[in-house]
Amino acid sequence: PSYTITYFPVRGRCQATRMLLADQGQTWKEDVVTLDTWMKGDLKATCLYGQLPKFTDGAFTLYQSNAILRYLGRKHGLYGKDDQERALLDMANDGVEDLRNKYLVLIYQNYISFVDYNLLDLLLIHQTLAPGCLDTFPLLSAYVARLSSRPNLKAFLASPQHTGLPINGNGKQ
């Protein structure tokens, strides 16, 4: 294959590229980078911006996951039919990136905002209405457990102010 992906053995910022290639019937080579290799610094020093993924198409090399996706989008006819459609696709992708950035903060930082309470409430409702619905979503399950264990919130969730209220007024709970 003419394509090579250099990345860590995770989905991370490269899985969308892999999905695009697979769906378009393309093959590629994976150069898997272990954390030990990356921490030595030799490879990192050769990477633009000191980051992976690195993508090559023959002698052409790209870095930055969204630049790679846009390149492949253009190459495989997946980047709109005109400038306006491409602008709308860029806008939608920027929205996806905004959501990804929220996910990264959620996963890698001790992050709490009003959004967390809104999401926790929704997930707890789902767990009440469909027990086990998060069983195949370990990150969401861990998120619910982590937020629910905050001392003040844990006390509230166990109190009649929470347990004594129905989810809604239609009796479906």
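Note that this is a predicted model, so its numbers are computed, not measured.
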**Study point:** Distance in Å, Leu157 CG paired with Leu124 CG, rounded so as to fall on 0.5 Å steps
**Key:** 6.0 Å

Close side-chain approach of [X] and [Y], heavy atoms under 4.5 Å:
X	Y	answer
Leu89	Asn93	no
Gln64	Gln51	yes
Ile5	Ile68	no
Thr37	Phe8	no

In this structure, are over 12 heavy atoms from other groups packed under 6.0 Å from [X] atom [atom1]?
X	atom1	value
Arg74	CZ	yes
Phe137	CZ	no
Phe60	CZ	yes
Asn118	CG	no
Asn152	CG	no
His76	NE2	yes
Lys75	NZ	yes

Between [X] (side chain only) and [Y] (backbone N and O only), is there a donor and an acceptor less than 3.5 Å apart?
X	Y	result
Thr46	Leu43	yes
Thr4	Lys29	no
Tyr7	Arg13	yes
Gln24	Leu20	no
Asn101	Glu97	yes

Closest approach of [X] and [Y], non-hydrogen atoms and distance?
X	Y	result
Ser141	Leu134	OG-O, 2.8 Å
Gly12	Arg100	O-NH1, 3.9 Å
Pro160	Thr163	CA-OG1, 3.5 Å
Pro9	Val33	CD-O, 3.3 Å

Check your understanding: Hey, mind stepping through Leu78 and Leu72 against side chain to side chain contact (heavy atoms under 4.5 Å, CB included) and telling me if it holds?
Key -> CA-CA 8 Å; Leu78 304 169; Leu72 290 170; over 6 Å; no

Check your understanding: Quick one: do Asp31 and Lys54 make a salt bridge, cutoff under 4.0 Å?
Key -> no

Point to revise | CA sep, side-chain torsions, deciding dist, call: Leu52, Lys44, side chain to side chain contact (heavy atoms under 4.5 Å, CB included) | key: CA-CA 8 Å; Leu52 294 175; Lys44 185 174 183 167; over 6 Å; no

Review point. Does the side chain of Tyr71 pick up a donor-acceptor pair with the side chain of Asn66 at under 3.5 Å?
Key: no

Practice item. Compute the centroid of each ring, for Tyr3 and then for Phe55, and state whether the two points are separated by less than 6.0 Å. Key: yes

**Study point:** Derivation and outcome, side chain to side chain donor-acceptor pair (under 3.5 Å), residues Trp28 and Gln26
**Key:** CA-CA 7 Å; Trp28 66 94; Gln26 301 299 304; over 6 Å; no

